[in-house]
Structure formats: C-alpha cells, structure tokens
There are 2 protein chains.
Amino acid sequence: MRTIDKALKLLEEFDESRPEIGLSEMARLSGLDKATVHRMLTTLARHGFVEQNPQSKSYRLGAGILRLARIREASFPVTASIQPVLEQLSRQTGETAHASLLVGDRLATIGICESPKSTRVYLAAGQILHLHATASGIACLAYLPEDQAVRILNSGLEAFTQHTDTDAASILTQIRTARENGHACCDQTYEMDVFGIASPIFSAGGHACGAIAVATPAHRMTGQLRDSIIASVAEAACEASRRIGVEAPESFRRTVNRMVA
Amino acid sequence: MRTIDKALKLLEEFDESRPEIGLSEMARLSGLDKATVHRMLTTLARHGFVEQNPQSKSYRLGAGILRLARIREASFPVTASIQPVLEQLSRQTGETAHASLLVGDRLATIGICESPKSTRVYLAAGQILHLHATASGIACLAYLPEDQAVRILNSGLEAFTQHTDTDAASILTQIRTARENGHACCDQTYEMDVFGIASPIFSAGGHACGAIAVATPAHRMTGQLRDSIIASVAEAACEASRRIGVEAPESFRRTVNRMVA
DNA sequence: ACTATTGGTGATAATAGTGAACCGATAATT
DNA sequence: AATTATCGGTTCACTATTATCACCAATAGT
C-alpha cells in the first residue's frame with residue numbers, strides 16, 4: 001500500500017516547530033510531486049487529518065485527529081493514566097520526566113512533565129525518539145522480542161550527535177546490560193548536553209510497549225544523582241505499567257526492589 | 001485517492017463502544033475484501049494509526065494518533081481552550097455541555113462536560129454529529145458559506161429519529177432562522193429524548209468552525225429553561241471563539257447581547 | 001515591468017491495488 | 001471424535017488507480 005504510506009508520511013512532517021506547511025513546501029519535504037501532494041492533502045483533509053488555513057492556504061493537522069485520540073483515550077486511557085506518574089517522578093527527581101510509546105520502530109513522546117529548575121531539558125510535544133540513540137529506546141529494546149530488536153538494529157542507524165553509537169553489536173550489548181539492570185542510561189547520544197535515564201513500560205505479555213524517562217542536563221549529572229534517579233525511574237515504570245493494567249514481569253520487579261533498597 | 005479514502009474510512013469504524021475490531025469484522029463493516037483490509041491495517045499499523053492486540057489479534061486505534069493530537073494541541077490548543085468554557089456552561093445550565101469541530105461535512109465532538117444531575121444526556125467521546133440533524137450542525141451551517149451549506153443539504157439527508165427533518169428546503173429555513181437568532185434548537189432530531197441548543201464557534205474569516213451546545217433531556221425542557229440556556233450557550237460560544245483567538249462577528253455579538261439583556 | 005514562486009489542474013504514461021481461492025489454526029457443533 | 005464454521009493471514013492472475021509533466025492564474029519580490 002505505497003499510496004497510503006506516502007500519504008501518512010506527509011503527516012510526519014508536522015511537528016511543534018512546523019505546525020503549518022504549504023503545498024510546495026510539503027512537496028519539497030516529502031520528495032513527492034506537487035500534484036500528488038495536493039491530491040493527498042485534499043484527501044487527508046476530507047477525513048479531518050489535515051485542514052487548510054483559508055488565509056494562508058497552508059495545511060495543518062486537523063480536528064479529526066483530536067476525535068480519534070479521544071476515542072482511544074476513552075477506551076484505553078494511557079496518556080491520562082501515566083501523566084500523574086510523570087508528575088510524581090518529576091517532583092521526586094527535580095528534573096524533566098517524559099513517557100513515550102512504541103509506534104512502529106520508533107518511540108512517540110506522549111507525556112511530558114517539565115522540571116521547575118531554570119536549567120532543564122526541554123522536550124517538544126510529540127517528539128519522535130529513535131530506539132538506538134535514546135535511553136528510552138534502549139530500555140524498550142531490552143524488553144522486546146530479540147528478533148525484533150535485531151531487525152531494528154540492522155536497519156541502518158543514524159548518528160544524532162558525536163556520542164551516538166551506531167554499531168549494532170555494541171548496542172546489543174547495551175541492551176543486554178539494560179535488561180540485567182532494568183534501566184538504560186544514555187549520555188548525549190541524541191541531543192548534546194542531555195543525559196537520559198529510562199525504564200520500560202510493559203504491555204500484557206511482558207514485552208515493552210514504551211518507556212518512562214528522566215532527562216537531565218548532562219553537566220549536572222553525578223554518580224549519586226544518577227543512582228537516585230535510576231531508582232525513581234524504575235519505580236515509576238512499574239507504577240505506569242500497573243496503571244495501564246499490566247504487572248511488570250517478576251524479573252524486572254526484583255531488579256527494581258534491589259535498587260530501591 | 002480512493003485507496004487512501006478506503007484506508008482512512010477504516011479508522012471511522014472505531015468508536016467508544018467498539019474500540020477493538022478483528023480483521024474479518026472490519027472487512028464486513030467496511031464492505032471491503034479481507035485481503036484488502038489486512039493490507040490496509042498493517043500499513044496503518046506501521047504508522048501508528050492502529051495497533052494490534054497481540055493476544056486477540058484485533059486492531060485498535062494506535063499511539064501515533066496521540067502523538068499527532070499532541071502536536072496539534074501544542075500549536076493550536078483548541079481542546080484545552082474550550083474545555084473550561086464547557087465546564088462553566090455546564091455549571092451555569094446544570095446540563096451536559098459539549099463542543100464539536102467541523103470535520104469534512106460533519107461535526108466531531110472534541111469536548112464534553114456532563115451535568116451532575118442523575119437524569120442527564122450522555123455523549124460518547126468522539127461522537128460524530130450530522131449537520132442537518134443536530135442543533136450544533138444547524139448553528140454551524142448558519143455561519144458557513146451558503147454554497148457549502150446547500151451542497152451538504154443536497155447530498156442526501158439521513159433520518160435518525162422520527163423527528164429528523166430531511167427536507168433540504170425546510171432545513172435551509174431553519175438555518176436562516178438560526179442565523180438571525182444566533183443559535184439553533186433541535187428537539188429529538190438526532191436522538192430520542194434529547195433536546196439540543198447550540199451556537200457556532202467562529203474561525204478567522206467569520207465562518208463557523210464548530211459549535212458549542214447544551215443537551216437536555218427533552219421532557220425537562222420548558223420555554224423558560226430554553227431561554228436561559230440559549231443565553232448561556234450564546235455567551236459561551238463567544239467566549240470559546242475568543243479563546244481560540246477569534247472575535248465573533250459584530251452581528252452575532254449584537255444578537256447575543258440582546259439575548260443576555 | 002519582469003521574474004520567481006505560490007496553490008492548483010488535466011491528460012497520458014506508469015504503477016499500483018483487488019479479490020477469489022486457499023492455508024493452517026482455533027472454536028463450536030453434531 | 002469427527003465435522004463444520006470461523007478466524008487471521010497469504011497468493012497470484014486480473015484490473016484498477018495513481019504519478020508525472022506541462023501548464024494556469026495569482027501573488028510576491030526585484
């Protein structure tokens with residue numbers, strides 16, 4: 001279904017920093033012909049996935065998306081369940097906390113609670129995180145079926161900073177360590193100056209369906225702070241899983257208890 | 001773009017009362033072949049629009065939708081802006097209030113605040129409202145370009161109850177009345193026992209982009225209650241428009257002031 | 001006044017999607 | 001225990017849809 005793929009990829013071009021996109025600009029961004037993009041956008045508009053600003057003629061994400069999100073939240077309230085956990089985690093650690101869910105082979109940020117500190121990590125709403133380059137991603141991979149993890153690691157890993165590890169074998173080692181420890185740490189592998197600590201959120205079946213994480217300015221990180229955040233994040237991950245109706249696997253809970261103690 | 005149309009229509013089959021749908025069921029609901037539906041659902045899944053329950057193999061709306069909704073809300077916070085208005089409106093009237101936005105040729109409910117009363121109108125999250133059969137729809141049509149209104153009225157009007165008016169000319173009269181009065185009333189035209197009163201929410205350019213409404217059990221409705229709700233709804237509509245950065249047109253504001261006085 | 005860019009359109013060339021039949025597995029029925 | 005029906009999923013011959021290019025009118029910039 002290549003046509004559907006292309007149309008849905010158009011929606012990925014929108015983000016917090018680029019909420020409206022004109023026809024020609026979208027054609028350039030997507031690499032598709034302008035006529036094709038126009039037909040796709042009008043089709044998406046008919047279903048409420050985008051809407052056109054009548055003045056500027058630019059397109060933005062549509063109200064139909066809000067409707068679908070409400071339906072999902074009504075029957076499966078992940079965002080609402082996890083938000084209070086994020087707030088407590090942020091309060092406990094004094095840093096920015098966020099949660100993300102697995103969407104395809106990447107993570108989509110679905111909840112953020114910012115630290116009150118003046119120097120804090122800022123995260124854009126709906127940001128996409130790559131599995132190999134973020135603490136959330138490694139934590140997630142650690143509790144995914146290994147064949148899926150291997151497939152992702154072999155699909156070409158992008159470097160985002162000079163610290164991004166793009167070697168599949170080396171990341172597989174990180175993943176195994178994360179599985180043993182119940183958490184993952186990444187030092188500036190996705191964005192400079194950001195240190196991330198994450199633990200997986202579980203879905204029924206014991207596999208990860210997302211992650212909960214704390215992002216700290218890298219310069220602030222010390223061994224002691226790190227250990228304290230790790231314990232809080234792991235506990236928060238357990239609580240988040242519980243709130244969406246899943247008990248974290250026995251092995252994970254043991255690891256967490258060892259840390260908290 | 002027929003393929004995209006079909007794929008996006010699949011998403012419309014989900015609602016609060018049917019949050020998970022299996023492959024064969026979806027094929028039946030959509031009238032498409034099972035093979036086609038399977039290909040479409042896997043494509044939608046790849047982009048996070050649906051996800052598959054690993055146990056039941058059924059499909060449900062995906063986490064990618066939450067991400068897109070957050071991006072839209074971050075740059076254009078309609079839901080967050082209108083929710084407090086709904087809460088005040090519900091408090092003022094003692095009845096269930098809701099807001100909906102124009103999506104294609106229909107309205108999508110994007111906010112609800114339920115009445116505390118024991119007999120109250122219940123609305124499902126993300127419910128779709130048809131323009132010709134609801135107070136919100138008539139209010140919206142009244143402030144849409146007339147050619148668009150006429151096109152919609154000529155596209156085959158479905159009857160939902162024995163009180164649904166499906167005559168285009170007669171609805172056009174209702175629309176004109178609504179434009180004069182700044183509000184619309186519908187007595188059990190969409191659901192039995194529900195009386196709706198609505199006013200339009202405006203977008204830049206003076207056209208309606210949605211509506212704000214109060215739904216009351218029909219047996220409770222009296223002339224006096226009606227007038228009091230109308231004034232509250234019209235004021236709420238003004239406030240809702242203002243909160244999304246649009247001043248309601250002069251003519252509408254005059255009508256509202258006349259009513260409140 | 002000219003040039004470049006915008007949003008948008010239409011006809012053919014190129015590529016895509018469709019669906020009946022089929023598979024193995026599970027669940028219900030006789 | 002055997003039978004029947006349903007499930008999710010796949011295949012391949014057949015057929016439809018979609019992409020592209022050149023072009024238009026309108027607006028913005030030089």
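Each chain gets a letter, A, B and so on, in the order its sequence line appears, and its residues count up from 1. Computed from a predicted model, the values in this text were never measured in an experiment.
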Practice item. Going 5' to 3' through nucleotides 7-16 of chain C, assign each nucleotide B (protein heavy atom under 4.0 Å from a base atom), S (under 4.0 Å only from sugar-phosphate atoms) or - (no protein heavy atom that close). Key: BBBBB----S
Check your understanding: Under 6.0 Å between ring centres, would you say that holds for B:F14 and B:Y59?
Key -> no
Review point. So, does A:S199 use its side chain to make a donor-acceptor pair with the main chain of A:G182 at under 3.5 Å?
Key: yes
Review point. Can you tell me if A:R72 uses its side chain to pair, donor with acceptor, with the backbone of B:L61 under 3.5 Å?
Key: yes
**Study point:** Distance in angstrom units between B:D5 CG and D:dA16 P, rounded
**Key:** 18 Å
Exercise for review: For A:M26, answer base if it contacts any base atom (sugar-phosphate contacts may also be present), sugar-phosphate if it contacts only those atoms, and nothing otherwise; contact means non-hydrogen atoms under 4.0 Å.
Suggested key: nothing
Review point. How far apart are the closest heavy atoms of B:A208 and B:C140, and which atoms are they?
Key: CB-O, 3.5 Å
Review point. Can you tell me how far the CD1 atom of A:I138 sits from the CD atom of A:Q174, to the nearest 0.5 Å?
Key: 4.5 Å
**Study point:** Between P of C:dA27 and CD of B:Q55, the distance in whole Å
**Key:** 13 Å
**Study point:** salt bridge (charged side-chain N to carboxylate O under 4.0 Å, His left out) against A:R28, all qualifying residues, sequence neighbours excluded
**Key:** none
Revision key, fill the gap. When rounded to whole Å, the CG to C1' distance for the pair B:L32 and C:dT18 reads 10 Å
Study note, to complete from the structure: Whole-Å distance, B:L29 CG to D:dC7 C1', equals 15 Å
Practice item. Report the end-to-end axis angle of the helix from C:dA1-D:dT30 to C:dT30-D:dA1; each axis comes from five terminal pairs, and the value is rounded to 10°. Key: 40°
Check your understanding: Between the side chain of A:S241 and the main-chain N/O of A:I201, is any donor-acceptor distance below 3.5 Å?
Key -> no
Review point. For the residue pair A:H130 and A:F160, does the interplanar ring angle fall in the parallel (under 30°), tilted (30 to 60°) or perpendicular (over 60°) class?
Key: tilted
